[in-house]
Amino acid sequence: MAEDYPRTQLEMERRFSGGAECRAYLSALRWPQGFVCPLCGGLGLAIRRDLWRCVNCGRETSVMAGTIFQDSKLPLTVWFRAMWHVTSQKSGVSALGLQRVLGLGSYTTAWALLHKLRRAMVRPGRERLGGVVEVDEAYWGGEEFGVRGRQSLDKALIIVAAEADQTGIGRIRLRHIPDTSRATLHGFIHQSIEPGSTIVTDGLPSYLKLEGYVHDRHIQKHQPSDTEHLLPRVHRVISLLKRWLLGTHQGAVAHEHLEDYLNEFTFRFNRRKSASRGKLFYRLAQQAVEVSPVPFASISHHKP
Ligand SMILES: [Zn+2]
């Protein structure tokens, strides 16, 4: 379907006032050419507006089955308002903020809802970065952001890739990584950046022997502060990321959930020039029916 999305909150509220309207919208996003059976690829007959039976294998599929909305106890109207609030605010919302604005009974519900939406912010099979790409690592946490118990003494390691767009920044990729070994850094580069691109790094030896890329090593010759100028784009991204984690989320980000926050930051950053916030809502809804269900147990082991 053509990019069809509400432009304003009022439009969103009016259009998605009931579950049937929400399901119709999701159906059009999930099967733009008409229903396709997720099991066998067969065509289907609509039993209801949101339920199909495959003419080939007979399996019945609802629009929510196999998406992040599967098995949710929340009405779709609440999900749609959550998607709207997450995408319409330039910096997003915290779980507490979402709980308040949606009038949700529990913080845990708001928190889980946000984490599920973050999983939908990574598009399956997204393309890799290309051209000239700066790559560097950064730390999150530790005494710099206040120590609360043993866990927070350990810093989390993040790797950042930022495409050059003339003198500015193009798209980015972020990942929470376990170490700075050659296998980890090269693995991230291969998964995130097209072969043949130019990779700009500092002098860290783990980046050596990078095969399939042009490697442009910028080795620091003067005082440590020069690092920022060697890789200006990744350092700009890192400082924006830290500001966002400390601002919107007050730094209350556990290491085991950091990857979800990195995904949200990347989603926002790569669409920062989008003219319409409604378009981000559209992308999020579109990706929400493309990603697999996120069982609560898979995110709820350690709440912040
Ligand atoms: Zn089938």
Side-chain angles (χ1 to χ4, degrees), residues 1-6 11-12 14-87 102 109 111-128 173 175 190-192 194 259-260 263-264 266-267 270-271 278-301:
M1 77 183 181
E3 294 191 350
D4 165 26
Y5 49 84
E11 206 179 305
M12 184 275 299
R14 280 184 179 152
R15 180 161 176 194
F16 302 115
S17 58
E21 289 79 11
C22 298
R23 286 192 291 272
Y25 187 73
L26 294 179
S27 298
L29 286 174
R30 187 171 181 188
W31 297 300
Q33 259 80 65
F35 175 80
V36 179
C37 175
L39 195 66
C40 75
L43 301 178
L45 292 171
I47 300 171
R48 290 200 316 255
R49 265 179 83 185
D50 60 332
L51 188 68
W52 288 263
R53 182 181 291 123
C54 176
V55 294
N56 186 40
C57 72
R59 180 190 166 107
E60 290 184 0
T61 303
S62 81
V63 67
M64 281 136 84
T67 74
I68 66 162
F69 306 108
Q70 180 179 305
D71 302 325
S72 175
K73 289 181 181 67
L74 288 173
L76 273 179
T77 49
V78 171
W79 276 96
F80 271 57
R81 276 147 189 78
M83 290 194 290
W84 180 266
H85 286 293
V86 164
T87 52
L102 295 180
T109 302
W111 183 88
L113 185 54
L114 266 179
H115 271 281
K116 289 183 178 191
L117 289 176
R118 288 185 182 115
R119 300 287 168 96
M121 289 181 184
V122 182
R123 190 161 50 81
R126 61 183 171 175
E127 64 283 2
R128 290 181 284 188
R173 291 283 183 266
R175 187 179 296 168
H190 284 290
Q191 283 159 24
S192 313
E194 282 293 336
E259 188 75 14
D260 285 340
N263 289 338
E264 179 177 351
T266 303
F267 178 86
N270 288 346
R271 289 163 187 80
K279 193 161 180 162
L280 271 71
F281 170 86
Y282 172 81
R283 287 279 170 245
L284 183 55
Q286 189 179 43
Q287 290 172 202
V289 292
E290 283 178 14
V291 302
S292 299
V294 181
F296 183 70
S298 76
I299 50 173
S300 63
H301 297 306

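Read the numbers this way: they start at 1 and go in the same order the structure lists the ligands and their atoms.
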Asker: Quick check against the 3.5 Å criterion: does Arg30 have a side-chain atom that pairs as donor or acceptor with the backbone of Val63?
Answerer: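 Yes, the answer is positive, given that a donor and an acceptor are paired below the 3.5 Å cut-off.
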Asker: No waters, cut-off 2.8 Å: how many protein N, O or S atoms are close to the Zn ion (ligand 1)?
Answerer: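 Total protein N/O/S atoms under 2.8 Å from the Zn ion (ligand 1): 4.
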Asker: Tell me every residue that passes side-chain hydrogen bond (donor to acceptor under 3.5 Å, both in side chains) with Glu259, counting only those two or more places apart in sequence or in another chain.
Answerer: none
Asker: My understanding is that only residues two or more places apart in sequence, or in another chain, count here; which of them pass side-chain hydrogen bond (donor to acceptor under 3.5 Å, both in side chains) with Trp79?
Answerer: Ser72
Asker: Looking at Glu3 and Lys279, is there a salt bridge between them, counting it only when a charged N and a carboxylate O are closer than 4.0 Å?
Answerer: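 Salt bridge flag = yes for Glu3 with Lys279.
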Asker: Counting distance only, does the side-chain N/O of Gln287 pair as donor-acceptor with the main-chain N or O of Ala120 below 3.5 Å?
Answerer: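 Flag set: sc Gln287 to bb Ala120 pair under 3.5 Å.
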Asker: List in chain and number order the residues that pass side-chain hydrogen bond (donor to acceptor under 3.5 Å, both in side chains) with Asp50, two or more places apart in sequence or in another chain; answer none if no residue qualifies.
Answerer: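 Listed in chain order: Arg23, Arg48.
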